[in-house]
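Working notes, structure below.
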Amino acid sequence: MVIVDVLTLFPKMIEAFVQESILGRAQVEGKLHVRVHNFRDFSLDKHHKVDDTPYGGGAGMVLQVEPIVRALRSIEGHQHAHKILLTPSGTPYHQGHAKRLTQYPHLILICGHYEGFDERIVHYIDEEISIGDYVLTGGEAAALVVMESVVRLHTGVLNNAESTEEESFEDDLLEYPHYTKPMVFEGHEVPEVLRTGHHENIRLWRLDQQLKRTRERRPDLLVKREKKQR
Ligand code: 6GU
């Protein structure tokens, strides 16, 4: 059983995604418990304000530390949970992080908006994660990426068909191309070798496709792979 608490100003974004995805099924099966908290509810301001202008001046608003810390402290077991801040200035996220995060039975994901968080939030969290080099308006989509990628690695969450062996990044190679019926669609044929039933030739063709794709699209992964093999 994994527990994930999400702190956000847009709880419905998280709830809808969880309900409609594999996470929802995991939850029904008792393998996952997602709890969503709106930290606006923890503002002590009479207008429930959670942000203010930056010290030193500049554009935009900064999320205040107090409502977030009060929300954190309201979560049962928060002292032992692994707390992650979603921010574009965090460490770039990859499959290795997803694997590492499966060691924690309780995760707390904190989503920001506006210009960012008051830096003093660092004293209350364990790490900062970014999901890539592009700008989102808020951390919600990022929190969902982290949650989905971690939870699906937990045993029993996926069924056999969805299994995590032999998938992209398992060996620092992209996946080979897949085909199913019909054999010809609008003149586009399934590659000959896949119809031969020659298992060794198929294995070699797929490996070749993986290497070719990775070389073309993700040369950085090949460099990483070669370093591991040395
Ligand atoms: Cl975690 N948050 C926001 N706002 N933008 C991002 C991101 C996170 N990761 C990449 N871009």
Side-chain angles (χ1 to χ4, degrees), residues 2-24 26-27 32-39 50-51 60-63 65 68 71-72 75 81-119 121-122 124-154 157-158 162 164 167-175 213-214 217-225:
V2 195
I3 300 173
V4 184
D5 284 281
V6 183
L7 271 58
T8 171
L9 293 173
F10 299 91
K12 285 181 187 164
M13 288 177 64
I14 307 294
E15 282 157 7
F17 184 91
V18 169
Q19 279 178 21
E20 298 296 328
S21 67
I22 276 178
L23 300 173
Q27 202 153 223
L32 169 69
H33 188 32
V34 179
R35 302 181 292 204
V36 188
H37 316 265
N38 189 339
F39 57 83
V50 291
D51 61 347
M61 300 292 269
V62 177
L63 284 170
V65 73
I68 299 175
L72 269 177
I75 295 170
H82 188 72
K83 303 168 199 75
I84 302 171
L85 194 70
L86 284 313
T87 157
S89 32
T91 305
Y93 191 66
H94 58 70
Q95 187 67 15
H97 294 290
K99 283 186 182 167
R100 174 175 58 81
L101 294 176
T102 61
Q103 76 185 285
Y104 302 106
H106 186 184
L107 292 172
I108 301 181
L109 306 176
I110 307 167
C111 309
H113 264 262
Y114 316 107
E115 290 308 296
F117 300 92
D118 183 315
E119 184 65 14
I121 193 69
V122 300
Y124 304 88
I125 59 155
D126 298 297
E127 62 180 303
E128 299 182 44
I129 287 175
S130 158
I131 61 161
D133 293 341
Y134 37 80
V135 182
L136 306 171
T137 54
E140 283 73 19
L144 292 172
V145 164
V146 170
M147 185 169 17
E148 158 122 0
S149 60
V150 174
V151 170
R152 67 187 289 287
L153 294 178
H154 277 275
V157 169
L158 296 187
E162 300 158 344
T164 63
E167 65 186 4
S168 280
F169 309 114
E170 269 314 298
D171 43 14
D172 296 315
L173 288 178
L174 300 182
E175 277 190 47
R213 278 190 163 189
T214 311
R217 302 176 188 180
R218 294 296 305 276
D220 57 306
L221 287 181
L222 284 186
V223 173
K224 187 175 160 202
R225 190 164 180 264

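Numbers here simply count residues along the sequence, with the first being 1.
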Say you draw a straight line from [atom1] of [X] to [atom2] of [Y]; how long is it, rounded to the nearest 0.5 Å?
| X | Y | atom1 | atom2 | value |
| --- | --- | --- | --- | --- |
| Ile108 | Ile68 | CD1 | CD1 | 12.5 Å |
| Leu173 | Lys224 | CG | NZ | 10.5 Å |
| Thr102 | Leu153 | OG1 | CG | 6.5 Å |
| Leu72 | Phe39 | CG | CZ | 10.0 Å |
| Tyr124 | Lys83 | OH | NZ | 12.0 Å |
| Asn38 | Phe10 | CG | CZ | 8.5 Å |

Quick check: do [X] and [Y] have side-chain heavy atoms less than 4.5 Å from each other?
| X | Y | answer |
| --- | --- | --- |
| Leu109 | Asp5 | no |
| Phe117 | Ile110 | yes |
| Ile75 | His37 | yes |
| Leu144 | Ile14 | yes |
| Ile84 | His97 | no |
| Met147 | Phe17 | no |
| Leu23 | Leu32 | yes |
| Leu63 | Leu9 | yes |

Which residue pairs pass the salt bridge (charged side-chain N to carboxylate O under 4.0 Å, His left out) test with at least one member in residues 6-17, sequence neighbours excluded?
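Output for this query is empty, none listed.
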For atom CD of Glu20, is the number of surrounding heavy atoms from other residues, nucleotides or ligands below 6.0 Å larger than 12?
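No - once you tally the heavy atoms of other residues, nucleotides and ligands closer than 6.0 Å, there are 12 at most.
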Closest non-hydrogen atom pair, Val157 against Ala26
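For Val157 versus Ala26, the nearest heavy atoms are CG1-CB, 4.0 Å.
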Looking at every non-hydrogen atom in both residues, tell me the closest pair between Cys111 and Val6 and how far apart they are.
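Scanning both residues completely, I find the closest heavy atoms to be SG-CG1, 3.9 Å.
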Donor-acceptor pair, side chain of Arg152 and main chain of Leu158, under 3.5 angstrom
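No, the answer is negative, given that no donor and acceptor are paired below the 3.5 Å cut-off.
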Main-chain N/O of Ala16 paired with Gln19 side-chain donor or acceptor, under 3.5 Å:
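No: the side chain of Gln19 does not pair with the backbone of Ala16.
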Apply side-chain contact (heavy atoms from CB on, under 4.5 Å) to Gln27 and list each qualifying residue two or more places apart in sequence or on a separate chain.
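side-chain contact (heavy atoms from CB on, under 4.5 Å) check on Gln27 returns Val18, His33, Val34.
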Take Thr91 and Glu127, measure what side chain to side chain contact (heavy atoms under 4.5 Å, CB included) needs, and give me the verdict at the end.
CA-CA 8 Å; Thr91 305; Glu127 62 180 303; 5.8 Å; no
Name each donor-acceptor pair under 3.5 Å that joins a side chain in residues 130-141 to protein atoms two or more places apart or in another chain, with its distance.
from	atom 1	to	atom 2	distance (Å)
Ser130	OG	Gly132	N	3.2
Ser130	OG	Gly132	O	3.2
Tyr134	OH	Ile131	O	2.8
Glu140	OE1	His113	NE2	2.8
Glu140	OE2	Thr8	OG1	2.5

side-chain hydrogen bond (donor to acceptor under 3.5 Å, both in side chains) partners of [X], counting only residues at least two apart:
| X | result |
| --- | --- |
| His154 | none |
| Arg218 | Asp220 |
| Tyr93 | Ser149 |

